[in-house]
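Heads up, the thing below is written out as C-alpha coordinates.
A, B, ... follow the sequence lines: proteins, then strands. Residue 1 opens every chain.
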Amino acid sequence: MSSAERVLDEILARAEESSIFTDRDKLTPDYVPESLPFREEQVAKLAGILVQVLRGYRANNVFIYGLTGTGKTAVARLVSGRISEKARELGRPVDTVYVNCRMRDTEYRVLADILEALGRPVPFTGLSISELESRLRRVLEATGRRLVIVLDEIDYLLRKQGDNLLYRLTRMNSHLQRGSVTVVGITNDIKLVESLDPRVKSSLGEEEIVFPPYNAPQLKRILEERARLAFKPAVLEEGVIDLCAAIAAREHGDARKALDLLRTAGEIAEREGSPKVTVEHVKKAQSQLERDRVYEVVSTLPLHAKLVLLAATRVATARGRATTGETYAEYTRLAQALGLEPVTARRATDIISELDMLGILHARVVSRGRYGKTKMVTLAADRRSIENALRDDEVLSRLLPPS
DNA sequence: CCTCCACAGGAAGCGCAGGAGT
DNA sequence: ACTCCTGCGCTTCCTGTGGAGG
(Lines give C-alpha, C1' and ligand atoms only; values in the text may rest on other atoms or scores of the structure.)
Protein backbone atom coordinates (compact mmCIF):
# COMPACT_ATOMS: atom_id res chain seq x y z
CA MET A 1 0.00 0.00 0.00
CA SER A 2 1.38 3.43 -0.87
CA SER A 3 1.65 6.00 1.86
CA ALA A 4 -1.01 8.11 0.15
CA GLU A 5 -3.48 5.25 0.35
CA ARG A 6 -2.54 4.70 3.95
CA VAL A 7 -3.24 8.30 4.85
CA LEU A 8 -6.63 8.12 3.18
CA ASP A 9 -7.31 4.86 4.92
CA GLU A 10 -6.46 6.36 8.24
CA ILE A 11 -8.82 9.28 7.79
CA LEU A 12 -11.70 7.11 6.69
CA ALA A 13 -11.08 4.68 9.54
CA ARG A 14 -11.79 7.47 11.96
CA ALA A 15 -15.13 8.16 10.32
CA GLU A 16 -16.75 4.98 11.55
CA GLU A 17 -17.22 3.75 15.06
CA SER A 18 -14.02 2.14 16.25
CA SER A 19 -13.88 -1.32 17.74
CA ILE A 20 -10.46 -0.73 19.23
CA PHE A 21 -10.04 2.91 20.19
CA THR A 22 -12.04 5.16 22.43
CA ASP A 23 -9.77 8.08 21.66
CA ARG A 24 -6.95 7.43 19.26
CA ASP A 25 -5.68 11.01 19.46
CA LYS A 26 -4.42 10.35 22.98
CA LEU A 27 -1.61 8.42 21.32
CA THR A 28 -0.58 11.05 18.80
CA PRO A 29 2.60 13.05 19.33
CA ASP A 30 0.82 16.38 19.77
CA TYR A 31 -1.40 15.35 22.64
CA VAL A 32 -0.22 16.89 25.89
CA PRO A 33 -1.16 14.66 28.82
CA GLU A 34 -2.08 16.17 32.15
CA SER A 35 0.43 14.16 34.07
CA LEU A 36 3.91 13.38 32.93
CA PRO A 37 5.31 10.42 34.80
CA PHE A 38 9.04 10.54 35.61
CA ARG A 39 9.26 14.18 34.64
CA GLU A 40 8.28 15.72 37.98
CA GLU A 41 11.74 17.12 38.47
CA GLN A 42 11.83 18.85 35.09
CA VAL A 43 8.29 20.18 35.48
CA ALA A 44 9.13 21.58 38.90
CA LYS A 45 12.31 23.21 37.68
CA LEU A 46 10.74 24.85 34.65
CA ALA A 47 7.72 25.99 36.63
CA GLY A 48 10.02 27.38 39.32
CA ILE A 49 11.81 29.48 36.74
CA LEU A 50 8.78 30.69 34.83
CA VAL A 51 6.66 31.48 37.87
CA GLN A 52 8.66 34.71 38.13
CA VAL A 53 6.57 36.24 35.36
CA LEU A 54 3.46 35.80 37.49
CA ARG A 55 5.18 37.70 40.27
CA GLY A 56 5.89 40.51 37.85
CA TYR A 57 9.54 39.88 37.16
CA ARG A 58 11.40 38.75 34.10
CA ALA A 59 12.05 35.01 34.22
CA ASN A 60 15.45 33.68 33.26
CA ASN A 61 15.95 32.23 29.82
CA VAL A 62 15.93 28.45 29.77
CA PHE A 63 17.69 25.99 27.60
CA ILE A 64 16.16 22.52 27.43
CA TYR A 65 17.88 19.56 25.89
CA GLY A 66 17.39 15.83 25.58
CA LEU A 67 17.01 13.21 22.84
CA THR A 68 13.82 12.82 20.82
CA GLY A 69 10.86 11.45 22.70
CA THR A 70 12.08 12.32 26.17
CA GLY A 71 9.18 14.63 26.98
CA LYS A 72 10.74 18.04 26.33
CA THR A 73 7.88 19.40 24.30
CA ALA A 74 5.21 17.95 26.56
CA VAL A 75 6.78 19.46 29.67
CA ALA A 76 7.24 22.85 28.04
CA ARG A 77 3.69 22.95 26.77
CA LEU A 78 2.23 21.73 30.02
CA VAL A 79 4.07 24.29 32.13
CA SER A 80 3.58 27.24 29.79
CA GLY A 81 -0.09 26.33 29.47
CA ARG A 82 -0.55 26.34 33.24
CA ILE A 83 1.33 29.59 33.59
CA SER A 84 -0.98 31.39 31.20
CA GLU A 85 -4.07 29.87 32.84
CA LYS A 86 -2.88 31.13 36.18
CA ALA A 87 -2.07 34.52 34.71
CA ARG A 88 -5.61 34.85 33.39
CA GLU A 89 -6.98 33.79 36.74
CA LEU A 90 -4.90 36.36 38.59
CA GLY A 91 -5.22 39.00 35.90
CA ARG A 92 -1.47 39.27 35.37
CA PRO A 93 -0.06 40.74 32.15
CA VAL A 94 1.61 37.54 31.00
CA ASP A 95 1.69 35.86 27.59
CA THR A 96 3.16 32.56 26.52
CA VAL A 97 3.82 31.61 22.91
CA TYR A 98 4.77 28.22 21.57
CA VAL A 99 6.54 28.12 18.23
CA ASN A 100 7.77 24.98 16.53
CA CYS A 101 10.79 26.08 14.54
CA ARG A 102 10.62 23.08 12.26
CA MET A 103 7.31 24.29 10.87
CA ARG A 104 8.15 27.97 11.23
CA ASP A 105 11.75 27.97 10.19
CA THR A 106 12.43 31.59 9.30
CA GLU A 107 12.91 34.59 11.52
CA TYR A 108 9.96 36.27 9.91
CA ARG A 109 7.53 33.44 10.65
CA VAL A 110 8.68 33.08 14.21
CA LEU A 111 8.23 36.79 14.88
CA ALA A 112 4.89 36.76 13.06
CA ASP A 113 3.67 33.95 15.33
CA ILE A 114 4.78 35.84 18.41
CA LEU A 115 3.01 39.01 17.33
CA GLU A 116 -0.11 37.06 16.46
CA ALA A 117 -0.15 35.55 19.93
CA LEU A 118 0.01 39.04 21.35
CA GLY A 119 -3.04 39.97 19.31
CA ARG A 120 -1.10 41.97 16.75
CA PRO A 121 -1.26 39.89 13.57
CA VAL A 122 0.98 40.88 10.69
CA PRO A 123 0.76 40.12 6.96
CA PHE A 124 2.50 36.89 6.05
CA THR A 125 4.95 38.83 3.92
CA GLY A 126 5.83 42.38 3.06
CA LEU A 127 7.40 43.75 6.22
CA SER A 128 11.06 43.72 7.14
CA ILE A 129 12.36 41.71 10.04
CA SER A 130 13.37 44.86 11.86
CA GLU A 131 9.85 46.24 11.48
CA LEU A 132 8.39 43.15 13.16
CA GLU A 133 10.99 43.42 15.85
CA SER A 134 10.19 47.04 16.62
CA ARG A 135 6.48 46.27 16.63
CA LEU A 136 7.13 43.60 19.20
CA ARG A 137 9.15 45.99 21.25
CA ARG A 138 6.43 48.63 21.06
CA VAL A 139 3.72 46.21 22.14
CA LEU A 140 5.70 45.12 25.17
CA GLU A 141 6.65 48.67 26.01
CA ALA A 142 3.06 49.90 25.70
CA THR A 143 1.41 47.09 27.64
CA GLY A 144 4.20 46.10 30.02
CA ARG A 145 3.46 42.46 29.32
CA ARG A 146 5.82 39.70 30.34
CA LEU A 147 6.33 37.34 27.45
CA VAL A 148 7.51 33.75 27.51
CA ILE A 149 8.53 32.42 24.11
CA VAL A 150 8.95 28.67 23.76
CA LEU A 151 11.05 27.88 20.69
CA ASP A 152 10.78 24.17 20.05
CA GLU A 153 13.22 22.34 17.78
CA ILE A 154 15.29 25.47 17.74
CA ASP A 155 18.08 23.69 15.88
CA TYR A 156 16.07 23.95 12.65
CA LEU A 157 15.94 27.72 12.94
CA LEU A 158 19.62 27.91 13.82
CA ARG A 159 20.64 25.73 10.90
CA LYS A 160 18.65 27.76 8.44
CA GLN A 161 18.90 31.28 9.75
CA GLY A 162 21.67 31.36 12.31
CA ASP A 163 21.44 32.81 15.79
CA ASN A 164 20.57 36.37 14.84
CA LEU A 165 16.98 36.29 16.04
CA LEU A 166 17.94 34.57 19.25
CA TYR A 167 20.54 37.19 19.90
CA ARG A 168 18.11 40.04 19.38
CA LEU A 169 15.32 38.44 21.39
CA THR A 170 17.55 37.83 24.37
CA ARG A 171 18.93 41.34 24.14
CA MET A 172 15.57 43.02 23.78
CA ASN A 173 15.15 43.23 27.55
CA SER A 174 17.91 45.77 27.90
CA HIS A 175 15.97 48.15 25.63
CA LEU A 176 12.69 47.75 27.43
CA GLN A 177 11.52 50.02 30.21
CA ARG A 178 8.47 47.86 30.81
CA GLY A 179 7.62 44.28 29.97
CA SER A 180 10.12 41.54 29.31
CA VAL A 181 11.04 38.62 27.10
CA THR A 182 11.97 35.15 28.29
CA VAL A 183 13.14 32.58 25.78
CA VAL A 184 12.77 28.85 26.37
CA GLY A 185 14.83 27.06 23.73
CA ILE A 186 14.33 23.34 23.12
CA THR A 187 16.69 21.14 21.15
CA ASN A 188 17.93 17.59 20.76
CA ASP A 189 21.09 18.65 18.97
CA ILE A 190 23.60 19.73 21.56
CA LYS A 191 26.45 20.01 19.09
CA LEU A 192 24.66 22.76 17.22
CA VAL A 193 24.28 24.78 20.35
CA GLU A 194 28.00 24.53 21.03
CA SER A 195 28.52 26.46 17.82
CA LEU A 196 26.37 29.39 18.95
CA ASP A 197 27.70 32.87 19.46
CA PRO A 198 29.01 32.79 23.04
CA ARG A 199 26.85 35.78 23.96
CA VAL A 200 23.70 33.96 22.85
CA LYS A 201 24.84 30.76 24.48
CA SER A 202 25.37 32.38 27.83
CA SER A 203 22.14 34.36 27.82
CA LEU A 204 20.01 31.46 26.63
CA GLY A 205 21.75 29.14 29.04
CA GLU A 206 20.90 31.13 32.16
CA GLU A 207 19.06 28.00 33.21
CA GLU A 208 19.45 24.51 31.79
CA ILE A 209 17.20 21.51 32.07
CA VAL A 210 18.30 18.08 30.91
CA PHE A 211 15.90 15.34 29.88
CA PRO A 212 17.39 11.86 30.25
CA PRO A 213 16.01 9.00 28.12
CA TYR A 214 13.31 6.78 29.59
CA ASN A 215 14.13 3.18 30.44
CA ALA A 216 11.90 0.22 29.60
CA PRO A 217 9.90 0.08 32.88
CA GLN A 218 9.27 3.83 32.68
CA LEU A 219 8.10 3.57 29.09
CA LYS A 220 5.80 0.78 30.17
CA ARG A 221 4.18 2.96 32.82
CA ILE A 222 3.74 5.79 30.33
CA LEU A 223 2.17 3.50 27.77
CA GLU A 224 -0.17 1.94 30.30
CA GLU A 225 -1.42 5.32 31.34
CA ARG A 226 -2.04 6.44 27.77
CA ALA A 227 -3.53 3.11 26.74
CA ARG A 228 -6.22 3.52 29.38
CA LEU A 229 -7.31 6.77 27.74
CA ALA A 230 -7.00 5.63 24.17
CA PHE A 231 -8.19 2.04 23.98
CA LYS A 232 -11.42 0.30 24.84
CA PRO A 233 -11.08 -1.89 27.92
CA ALA A 234 -9.28 -5.21 27.48
CA VAL A 235 -8.48 -4.92 23.79
CA LEU A 236 -4.74 -5.07 24.40
CA GLU A 237 -3.42 -8.58 24.52
CA GLU A 238 -0.87 -9.60 27.13
CA GLY A 239 2.64 -8.47 26.21
CA VAL A 240 1.66 -5.77 23.72
CA ILE A 241 2.73 -2.89 25.93
CA ASP A 242 5.86 -4.70 27.07
CA LEU A 243 6.95 -5.21 23.50
CA CYS A 244 6.35 -1.58 22.53
CA ALA A 245 8.30 -0.45 25.58
CA ALA A 246 11.15 -2.86 24.90
CA ILE A 247 11.53 -1.82 21.27
CA ALA A 248 11.48 1.88 22.11
CA ALA A 249 13.89 1.42 25.00
CA ARG A 250 16.36 -0.12 22.59
CA GLU A 251 16.13 3.04 20.52
CA HIS A 252 17.42 5.44 23.16
CA GLY A 253 14.25 5.44 25.26
CA ASP A 254 12.09 7.29 22.79
CA ALA A 255 8.56 7.66 24.17
CA ARG A 256 7.26 9.03 20.92
CA LYS A 257 8.41 5.91 19.16
CA ALA A 258 6.72 3.75 21.79
CA LEU A 259 3.44 5.62 21.35
CA ASP A 260 3.72 5.49 17.56
CA LEU A 261 4.14 1.73 17.77
CA LEU A 262 1.17 1.28 20.03
CA ARG A 263 -1.05 3.55 17.95
CA THR A 264 -0.02 1.95 14.67
CA ALA A 265 -0.53 -1.53 16.10
CA GLY A 266 -4.04 -0.47 17.09
CA GLU A 267 -4.71 0.91 13.65
CA ILE A 268 -3.54 -2.29 11.99
CA ALA A 269 -5.70 -4.38 14.30
CA GLU A 270 -8.67 -2.18 13.49
CA ARG A 271 -8.08 -2.38 9.77
CA GLU A 272 -7.87 -6.15 9.98
CA GLY A 273 -11.10 -6.21 11.91
CA SER A 274 -9.40 -7.93 14.81
CA PRO A 275 -11.14 -7.61 18.19
CA LYS A 276 -7.79 -7.42 19.99
CA VAL A 277 -4.40 -5.84 19.48
CA THR A 278 -1.81 -8.61 19.51
CA VAL A 279 1.95 -8.88 19.70
CA GLU A 280 1.84 -9.70 16.01
CA HIS A 281 0.21 -6.36 15.32
CA VAL A 282 3.05 -4.63 17.13
CA LYS A 283 5.58 -6.44 14.97
CA LYS A 284 3.67 -5.43 11.86
CA ALA A 285 3.54 -1.88 13.15
CA GLN A 286 7.27 -1.87 13.65
CA SER A 287 7.97 -2.94 10.10
CA GLN A 288 5.43 -0.50 8.73
CA LEU A 289 7.00 2.39 10.62
CA GLU A 290 10.39 1.25 9.40
CA ARG A 291 9.16 1.06 5.81
CA ASP A 292 7.71 4.55 6.09
CA ARG A 293 10.96 5.88 7.50
CA VAL A 294 13.05 4.28 4.75
CA TYR A 295 10.70 5.60 2.11
CA GLU A 296 10.76 9.07 3.58
CA VAL A 297 14.56 9.18 3.71
CA VAL A 298 15.31 7.46 0.41
CA SER A 299 12.76 9.28 -1.72
CA THR A 300 14.10 12.69 -0.71
CA LEU A 301 17.71 11.79 -1.52
CA PRO A 302 19.44 13.64 -4.36
CA LEU A 303 19.79 11.67 -7.60
CA HIS A 304 23.42 10.65 -7.24
CA ALA A 305 22.91 9.55 -3.66
CA LYS A 306 20.09 7.33 -4.89
CA LEU A 307 22.39 5.91 -7.54
CA VAL A 308 25.14 5.18 -5.04
CA LEU A 309 22.56 3.52 -2.81
CA LEU A 310 21.28 1.42 -5.68
CA ALA A 311 24.85 0.40 -6.56
CA ALA A 312 25.60 -0.57 -2.96
CA THR A 313 22.32 -2.48 -2.73
CA ARG A 314 23.13 -4.46 -5.86
CA VAL A 315 26.66 -5.36 -4.84
CA ALA A 316 25.67 -6.15 -1.27
CA THR A 317 22.83 -8.36 -2.46
CA ALA A 318 25.10 -10.27 -4.81
CA ARG A 319 28.09 -10.59 -2.49
CA GLY A 320 26.64 -10.10 1.00
CA ARG A 321 28.63 -6.91 1.48
CA ALA A 322 30.26 -4.25 -0.68
CA THR A 323 33.52 -2.34 -0.55
CA THR A 324 33.76 1.31 -1.49
CA GLY A 325 35.61 0.38 -4.67
CA GLU A 326 33.01 -2.15 -5.79
CA THR A 327 30.21 0.23 -5.01
CA TYR A 328 31.86 3.04 -6.91
CA ALA A 329 32.51 0.86 -9.95
CA GLU A 330 28.89 -0.25 -10.03
CA TYR A 331 27.71 3.30 -9.48
CA THR A 332 29.80 4.53 -12.41
CA ARG A 333 28.24 1.89 -14.65
CA LEU A 334 24.74 2.88 -13.58
CA ALA A 335 25.40 6.57 -14.09
CA GLN A 336 26.79 5.97 -17.55
CA ALA A 337 23.87 3.73 -18.46
CA LEU A 338 21.66 6.72 -17.72
CA GLY A 339 23.95 9.07 -19.65
CA LEU A 340 24.97 10.92 -16.48
CA GLU A 341 28.39 12.22 -15.56
CA PRO A 342 29.38 10.30 -12.39
CA VAL A 343 30.61 12.15 -9.30
CA THR A 344 34.18 11.50 -8.14
CA ALA A 345 35.13 8.67 -5.84
CA ARG A 346 35.87 11.19 -3.09
CA ARG A 347 32.33 12.46 -3.19
CA ALA A 348 30.98 8.92 -3.39
CA THR A 349 32.66 7.96 -0.10
CA ASP A 350 31.02 10.94 1.54
CA ILE A 351 27.66 9.87 0.14
CA ILE A 352 28.18 6.39 1.58
CA SER A 353 28.93 7.93 4.98
CA GLU A 354 25.82 10.09 4.73
CA LEU A 355 23.70 7.03 3.94
CA ASP A 356 25.24 5.39 6.99
CA MET A 357 24.26 8.31 9.19
CA LEU A 358 20.73 8.18 7.81
CA GLY A 359 20.54 4.56 8.92
CA ILE A 360 20.03 3.20 5.42
CA LEU A 361 23.46 1.57 5.13
CA HIS A 362 26.04 0.29 7.58
CA ALA A 363 29.53 1.39 6.61
CA ARG A 364 32.36 0.05 8.75
CA VAL A 365 36.00 0.91 8.08
CA VAL A 366 38.12 -2.23 7.92
CA SER A 367 41.65 -3.00 6.93
CA ARG A 368 42.27 -6.02 4.75
CA GLY A 369 46.04 -5.83 5.03
CA ARG A 370 47.66 -6.40 1.71
CA TYR A 371 44.30 -5.73 0.09
CA GLY A 372 44.05 -2.26 1.48
CA LYS A 373 41.73 -0.32 3.72
CA THR A 374 38.12 0.22 2.78
CA LYS A 375 34.61 0.62 4.10
CA MET A 376 32.54 -2.53 4.29
CA VAL A 377 29.02 -1.63 3.31
CA THR A 378 25.97 -3.67 4.22
CA LEU A 379 22.30 -2.77 4.13
CA ALA A 380 20.91 -1.32 7.34
CA ALA A 381 17.33 -1.41 6.13
CA ASP A 382 15.14 -3.92 4.39
CA ARG A 383 16.24 -4.36 0.79
CA ARG A 384 12.74 -4.37 -0.64
CA SER A 385 11.84 -1.18 1.20
CA ILE A 386 14.87 0.53 -0.27
CA GLU A 387 14.19 -0.73 -3.79
CA ASN A 388 10.58 0.28 -3.49
CA ALA A 389 11.50 3.83 -2.67
CA LEU A 390 14.10 3.96 -5.45
CA ARG A 391 11.62 2.66 -7.98
CA ASP A 392 9.44 5.71 -7.40
CA ASP A 393 12.16 7.91 -8.82
CA GLU A 394 11.42 8.73 -12.43
CA VAL A 395 15.03 8.49 -13.55
CA LEU A 396 15.90 5.35 -11.63
CA SER A 397 12.76 3.39 -12.39
CA ARG A 398 14.30 2.26 -15.70
CA LEU A 399 17.07 0.47 -13.81
CA LEU A 400 14.76 -1.45 -11.53
CA PRO A 401 12.39 -4.17 -12.65
CA PRO A 402 8.83 -3.60 -11.48
CA SER A 403 8.08 -5.50 -8.29
C1' DC B 1 60.06 -5.76 10.52
C1' DC B 2 58.91 -3.38 6.49
C1' DT B 3 55.83 -2.61 2.36
C1' DC B 4 52.36 -1.19 0.05
C1' DC B 5 47.33 -1.81 -1.12
C1' DA B 6 42.94 0.59 -1.34
C1' DC B 7 41.10 3.30 0.26
C1' DA B 8 39.79 7.11 4.46
C1' DG B 9 39.07 11.54 5.06
C1' DG B 10 41.19 16.57 5.71
C1' DA B 11 41.98 21.10 3.18
C1' DA B 12 41.22 24.31 -0.24
C1' DG B 13 38.76 26.07 -3.71
C1' DC B 14 35.18 26.50 -7.45
C1' DG B 15 30.56 27.46 -9.53
C1' DC B 16 26.12 28.13 -8.50
C1' DA B 17 21.65 29.51 -6.30
C1' DG B 18 19.29 32.11 -3.26
C1' DG B 19 18.88 35.64 0.18
C1' DA B 20 20.24 40.20 2.34
C1' DG B 21 21.61 44.77 1.98
C1' DT B 22 21.74 49.10 -0.71
C1' DA C 1 18.31 46.45 -10.23
C1' DC C 2 22.60 45.71 -8.46
C1' DT C 3 26.25 43.80 -5.74
C1' DC C 4 27.75 41.09 -1.82
C1' DC C 5 27.60 37.15 0.95
C1' DT C 6 26.76 32.54 2.28
C1' DG C 7 25.94 27.65 2.02
C1' DC C 8 25.98 23.63 -0.73
C1' DG C 9 27.52 20.08 -3.71
C1' DC C 10 31.26 18.96 -5.76
C1' DT C 11 36.29 18.49 -7.49
C1' DT C 12 41.26 18.42 -6.90
C1' DC C 13 44.98 17.39 -4.34
C1' DC C 14 46.57 15.58 -0.55
C1' DT C 15 48.43 12.94 3.65
C1' DG C 16 47.35 9.08 6.68
C1' DT C 17 46.78 4.15 7.93
C1' DG C 18 45.81 -1.26 9.63
C1' DG C 19 47.55 -5.24 8.69
C1' DA C 20 48.58 -9.62 5.09
C1' DG C 21 52.20 -10.90 2.74
C1' DG C 22 56.92 -10.75 1.66
Going by atom type alone, with no hydrogens or angles, which donor-acceptor pairs under 3.5 Å involve a side-chain atom of residues 239-246 of chain A and a protein atom two or more places apart or on another chain?
| from | atom 1 | to | atom 2 | distance (Å) |
| --- | --- | --- | --- | --- |
| D242(A) | OD1 | K220(A) | NZ | 3.3 |

Handout entry: Protein proximity profile, nucleotides 14-22 of chain C - base contact B, sugar-phosphate-only contact S, no contact -, cut-off 4.0 Å on heavy atoms
Key = ---BBBBS-

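- Listed by chain and residue number, R321(A), H362(A) satisfy the side-chain contact (heavy atoms from CB on, under 4.5 Å) test with T378(A) (two or more places apart in sequence, or in another chain).
- Residues of residues 310-345 of chain A having a heavy atom closer than 4.0 Å to DNA chain C, listed by number: P342(A), V343(A), T344(A).
- In this view, R171(A) satisfies the salt bridge (Lys or Arg N to Asp or Glu O under 4.0 Å) rule with no residue, not counting sequence neighbours.
- Remark: C1' of dG21(B) and OH of Y108(A) are 18 Å apart, rounded to the nearest angstrom.
- The pair E141(A)-R178(A) does not count as a salt bridge, with every side-chain nitrogen at least 4.0 angstrom from each carboxylate oxygen.
- Taking atom CG on L355(A) and atom P on dG9(C), their separation rounds to 13 Å, with Å as the unit.
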Distances for protein N or O near nucleotides 9-11 of chain B N or O, under 3.5 Å:
| from | atom 1 | to | atom 2 | distance (Å) |
| --- | --- | --- | --- | --- |
| dG9(B) | OP2 | K375(A) | NZ | 3.2 |
| dG9(B) | N7 | R346(A) | NE | 3.3 |
| dG10(B) | N7 | R346(A) | NH2 | 2.9 |
| dG10(B) | O6 | R346(A) | NE | 2.8 |

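- Under the ring-ring contact (aromatic ring centres under 6.0 Å, His included) criterion, the residue pairs touching residues 18-57 of chain A are F21(A)-F231(A), with sequence neighbours excluded.
- Checked against ring pair (Phe, Tyr, Trp, His ring centres under 6.0 Å), Y214(A) has no partners two or more places apart in sequence or in another chain.
- When the P atom of dC7(B) is taken as reference, atom CD1 of I351(A) falls 16 Å away, rounded to whole Å.
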List the atom pairs, donor and acceptor, that lie under 3.5 Å between side-chain atoms in residues 110-117 of chain A and the rest of the protein, sequence neighbours left out.
| from | atom 1 | to | atom 2 | distance (Å) |
| --- | --- | --- | --- | --- |
| D113(A) | OD1 | R104(A) | NE | 3.3 |
| D113(A) | OD1 | R104(A) | NH2 | 2.9 |
| D113(A) | OD2 | R104(A) | NE | 2.9 |

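- For the side-chain contact (heavy atoms from CB on, under 4.5 Å) test, residues two or more places apart in sequence or in another chain that qualify with D350(A) are R346(A), R347(A), E354(A).
- Not counting sequence neighbours, the partners of E206(A) by the side-chain hydrogen bond (donor to acceptor under 3.5 Å, both in side chains) test are R58(A).
- Partners of A285(A) under the side-chain contact (heavy atoms from CB on, under 4.5 Å) rule, at least two apart in sequence or in another chain, are L261(A), T264(A), A265(A), I268(A).
- Here dA8(B) presents its C1' atom at 14 Å from CG of D356(A), a figure rounded to the nearest Å.
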